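What follows is one structure encoded as structure tokens, with my remarks underneath.
Quick note on labels: first sequence line is chain A, next is B, and so on, each numbered from 1. Please read these numbers as outputs of a predicted model, since none were measured by experiment.
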Amino acid sequence: MTFERIDEVRNRIPRTARANMRTDVMFYASDALRGPILKDRALEQAMNVACLPGIVGPSLAMPDIHQGYGFPIGGVAAMDWRHGVVSPGGVGYDINCGVRLVKTNLDLAEVRGRLRELVDRVFADVPCGVGGKGRVPLTEKQLNQVLTRGAGWAVEEGYGEAGDIEKAEERGCLREADPECVSARAKERGRPQLGTLGSGNHFLEIQWVERVEDAEAARAFGLSEGQVVVLIHSGSRGLGHQVCTDFLQQMGAAMKRYGITLPDRQLACVPVQSEEGQRYLKAMRAAANFAWANRQVMMHMLRGSFAGIFGKTARLSLLYDVCHNIAKRERHDWEGREVDVLVHRKGATRAFPARHPEIPAEYRAAGQPVLVPGSMGTASWVLAGLEGAMRESFGSVCHGAGRRLSRAAAKAGRNAAAVREELERRGIIVRCETRDGLLEEVPEAYKDVDEVIETVALAGLAGKVARLRPLGVVKG
Amino acid sequence: MSRFEILEHTADMGFRVRGANEEELFANAAAALAAVVMDTSRAQGLERHEIASEGEGVEERLVHWLNEVLWLMDGRGVAPARFDPGVVWGETRDGAKHPPRLVVKAVTFHQLRVWQDAEGWGAEVFLDV
């Protein structure tokens, strides 16, 4: 792999590296992160993205980049709204997979003594839904309302408080979603799954604020050292997966009609302005709304768990909710002109800087909160978007630590009891529905989240606000 | 139960399967997928579910077939017991009888390979989990 090291954290693969590339690849990686990134095929995938018609600016790769399907995970690509393409692979199977951070009015000392009880309670109250169903039965009509109204539907139905909506990206609902564009089978698959966590890397984690790095931003976000918070990482469940599967299949045939040839079938794409492209976007937005309703319902269940253990004085409120698998139409300034683009963020988080009108008023002076979950035993971060992200990454930044080991490699030579014991020795209680779910997500399977954060901070894409440490983990 | 081999992928997982002919390859691939999703060892073939063949070429047909089997498990709650060409035999999924293993989001075209050699047919398939 030929690349130029521009500075401490910026690296470029020039468009001349391969015949069909339309633009450069820019990847953010420190010396420590470059090794693991070069080990898999992630950068080759970023080069494939650079071949897509209508790409504006470089094909971007965040420091948590790893090999995905079609697009790399940790990839960002802005496509011209008029002349570019939309790719379901650039959003992913888990449409609007995202992270919600819930603040509590409890501190570490209050929670530590009752932690096991709390984790058991949350595990019982928030279903993982691995092979089973959730507890929010929906009629067909209600499901269509979820798909149209997102988190707002959940709050109106009593799964939350009015203020919850204000603090979510897009206020928990993308407009111009059309349930008619979602297939009957996607609806059938997703209908029983509202309010479920899922498996894989999805989890719910009880954490505490270990360190505040930016006192002013932390004050604006309502965070202080020692405070207990809860991070929910989940997406659109089977509904979103099926939407992606359905459209990938349809687009394979449609691409031939539009004369698009690509290095990887999984990159399937069609013109944004085509009928197929517009239908996909309407279905994708509907799936995104399902995901926001899903995380909202789980937050409501979590409130029940905390009230059950700590009584009615325990207060839970939403800090923010971000999506990290999405394509959104946005206007950006690029090389001196305003561009109208469809920004694909595949394993990447929006990171708008201070004063941006899309940011809730209370946070506007600090920048948009960016939530970056780490691995099970290590740390997660709250960041705030910076101007640098607007200048060079279409207002985007990383989304996690990024995997380093395959699932099989993570499991090899480890047993669940030993992993659980080791985590407990470090003060972390884990409840996991499946044995493999625990082993595949061992902390060693991931890159060092602190190094990823250091890299984006050095690049000026987002600034550090607070480091969070885990106390209890619930997963599928 | 067919034998299959798990393949490495940083984020997700895949498997390699073989079959004496195309029909057996498809059946073994479906069994491998089912075994990733749940323990199917006690599943009984009480109900019959038909899957129409779709796609251009064997690779597209295989991905379509496997995505349909996945939809039966995740969307219809079926625990598969055995597979005939275009048919899944199974029963209603029950967490106690068929302990869940992983939620598979989709069967992908990523690094997909289907080949024929002296020993019959082979395929490598990657899953998004």
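The main-chain N or O of Val103(B) is found under 3.5 Å from a side-chain atom of Ser199(A) such that the two form a donor-acceptor pair. With hydrogens and angles ignored, the 3.5 Å screen pairs a side-chain donor or acceptor of Tyr69(A) with a backbone N or O of Leu127(B).
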Glu68(B) vs Arg185(A), salt bridge (Lys or Arg N to Asp or Glu O under 4.0 Å): CA-CA, chis, key distance, verdict: CA-CA 10 Å; Glu68(B) 292 292 294; Arg185(A) 50 185 38 212; 2.6 Å; yes
CA sep, side-chain torsions, deciding dist, call: Gln193(A), Asp74(B), side-chain contact (heavy atoms from CB on, under 4.5 Å): CA-CA 10 Å; Gln193(A) 296 180 343; Asp74(B) 199 35; 3.3 Å; yes
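The pair Glu56(B)-Lys256(A) meets the salt-bridge criterion, with a side-chain N (NZ, NE, NH1 or NH2) lying under 4.0 Å from an Asp/Glu carboxylate O. Ion pairing between Glu60(B) and Arg265(A) holds under the 4.0 Å rule for side-chain N and carboxylate O.
Residue Val37(B): no heavy atom, backbone or side chain, is found under 4.5 Å from chain A. At a 4.5 Å heavy-atom cutoff, the contact between Gln111(B) and chain A is made by side-chain atoms alone. Looking at Leu112(B), there are no atoms closer than 4.5 Å to chain A (heavy atoms on both sides), in backbone or side chain. At a 4.5 Å heavy-atom cutoff, the contact between Val107(B) and chain A is made by backbone atoms alone. When heavy atoms are compared at a cutoff of 4.5 Å, Glu188(A) approaches chain B by way of both its backbone and its side chain.
Separation of atoms NE2 (His241(A)) and CH2 (Trp71(B)) is listed at 16.0 Å; rounding is to 0.5 Å. Note that CZ of Arg101(B) is 14.5 Å distant from CD of Glu433(A), once rounded to the nearest 0.5 Å. Atoms OG1 and CG, from Thr245(A) and Leu70(B) in turn, are 7.0 Å apart once rounded to the nearest 0.5 Å.
Residues Arg189(A) and Lys105(B) approach most closely at NH2-O, 3.0 Å, considering heavy atoms.
Gln242(A) and Asn67(B) are not linked by any side-chain donor-acceptor pair at a separation below 3.5 angstrom, with hydrogens and angles left out of the test.
Counting heavy-atom pairs under 4.5 Å between each of Arg191(A), Lys39(A), His202(A), Gln266(A) and chain B puts Gln266(A) at the top.
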